[in-house]
Amino acid sequence: MIDQQMSLRGGAARLPVRPRTGRLLVLAAVFVCAACGLVYELELVALASYLIGDSVTQASVVLSVMVFAMGIGSLLAKRLRCRAAVGFGMIEAALALIGGSSALVLYASFAWLGDSQYALVGFSLAIGVLIGAEIPLLMTLIQRVDRQDAGGAVADLFAADYVGALVGGLAFPFLLLPMLGQLTGALFTGAVNAAAGGALVLWVFRRDLSARSRWLLVLANLSVIAVLATATVLVDDFERAARRAVYGDQVRVAVQTGVQEVVVTGTDRDSLGLYLDGRLRVSARDEYRYHEALVHPAMNGPRARVLILGGGDGLAAREVLRYEDVRAVTVVELDPAVTRLARTDPALSELNGHAFRDPRLTLVGADAFPWLRADHGRYDVVISDLPDPGITASTKLYSAEFYGLIGEALAPDGRLVVHAGPLGARPQTFWTVESSVRAGGLATRPYRVTGRYAGFAASPDRGGGDDREREDWGFLLAAAGRAPQAALAAGGPEPRSLRGRELREGARAAAEARLPGLLPSTLIHPRYWEDA
């Protein structure tokens, strides 16, 4: 066969362009394929983190499996070196199809099968094998174009490969995700991959191909591009069907922001559900239990200035604004899309009591960690209503450094309250957060609200699917004290606002105040409180 004979003779390929131009075209193909390969990797990591959670674990699985598979692919490519042109063309077509459709299949397996872990490993393995086979074949092709020394060819190939990886790595978060989204971005990347690989072989190396090989490559690449184009046209219908499978039939809003995916379900304030990256953040049926337990104990004392970190849904602010002597509330929320929904969505704005219309409230769109580094004055109460501490992306907001910054922002008699995760299901996480708060220079009083007393219906999920996580919420009430760690270790007196007795009296005070619209909750009955 023609391509096999030319390769075995080791002569220069019969190119339709000059050797120097052919070499540049091969390097351009390396650049494009490397960019597409890195996009596939990042797509798998991002989607797995969203669907499965724990981004560190998912990134480790994807990258380690993929690098291992790349070694296997390099070894398997040795068998194709005698037919490098057609082998490279077919590998790129397969890579475009598998990589481009990977996000769709992962999302489908999660939506309809409830598990995407096996699909994640399978795609990481397949994509890694195909990427690993690229370089040996490209090495053969570039030497057939221009008979340079092996060291120079390797240097050129890897330079183009690394630069392409850089471009792909930057294009994914700054262009593909915001402009096309995860699913369409992967499909588009696959089409570019197929076009680049097919164009290189069918144009630059067409004279090395037999007629059968040429038609095989044309048919394969056209079929892949047609499949990816069809999927792109149908991707909106697919996403709607998948969301219905995941969230139910009442999905009203689905927005992919620069921070997360925001989904709102339910037709009115009684059935409303707010999901952030697939996790239930607000359930209208019983969110008041969580927010009253979070806010009111910390409000027992001076409360003129209140800082809410997170809480873009406005529900914690609603509870704070019930107190007439609160003069100023500052809400620091990272994602403007959440606060926009909280202001404009009829059901959500009704649920939060139109808190963002209150003149006492100031909204700040910022990351809480760097925002706290600047001096914004002192606050009587700081409420940490942030994503679950079990979510890897939130770990810096549960660090000792973060609580040290909060301690500097607290007034001398100020209090901090932190949601620290479910104590029953994840005690290690809860006590890790408690240790971090103490390491930040604050004295703590852990407490929790238990479901067996409260009768939870559909609890706000701060990061897990375990039914035990719906049985209790764990909180930490904290305050700055004089050498608080030493005092606690020596069994000395704790700050007044942190005594268990005072905590229960704070719950009674909140109930007896009969604040406007305060619902009967765990705060009404002190027996619902337990020291953690």
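Position 1 is the first residue of the sequence, and the numbers go up from there. Keep in mind it's a predicted model, so treat the numbers as computed, not measured. Below, all heavy atoms of this structure are taken into account, side chains as well, without hydrogens, waters or symmetry copies.
Under the side-chain hydrogen bond (donor to acceptor under 3.5 Å, both in side chains) criterion, S271 pairs with D268, not counting sequence neighbours. Remark: R303 pairs with D325 by the salt bridge (charged side-chain N to carboxylate O under 4.0 Å, His left out) rule, at least two apart or across chains. Under the side-chain hydrogen bond (donor to acceptor under 3.5 Å, both in side chains) criterion, N352 pairs with no residue, sequence neighbours left out. D237 is linked by a salt bridge (charged side-chain N to carboxylate O under 4.0 Å, His left out) to R240, counting only residues two or more places apart in sequence or in another chain. With sequence neighbours left out, R357 forms a salt bridge (charged side-chain N to carboxylate O under 4.0 Å, His left out) with no residue at all. With sequence neighbours left out, the side-chain hydrogen bond (donor to acceptor under 3.5 Å, both in side chains) criterion links D236 to no other residue. Partners of Q182 by side-chain hydrogen bond (donor to acceptor under 3.5 Å, both in side chains), not counting sequence neighbours: none found. For V320, the side chain to side chain contact (heavy atoms under 4.5 Å, CB included) partners are V295, M299, V306, I308, V326, V329, I383, not counting sequence neighbours.
Applying the ring pair (Phe, Tyr, Trp, His ring centres under 6.0 Å) test to pairs two or more places apart or on separate chains, those with a residue in residues 260-282 are Y247-Y275. Screening residues 110-121 for side chain to side chain donor-acceptor pair (under 3.5 Å), with sequence neighbours left out, gives no hits. Among residues at least two apart or in separate chains, ring pair (Phe, Tyr, Trp, His ring centres under 6.0 Å) pairs with a member in residues 362-388 are F369-F402, W371-H376. Applying the side chain to side chain donor-acceptor pair (under 3.5 Å) test to every pair with at least one member in residues 337-349, sequence neighbours left out, gives these pairs: R252-D345.
Y290 and F475 have tilted rings, their planes meeting at an angle from 30° to 60° on a 0 to 90° scale.
Looking at heavy atoms from C-beta onward, L274 lies in side-chain contact with V262 at the 4.5 angstrom threshold.
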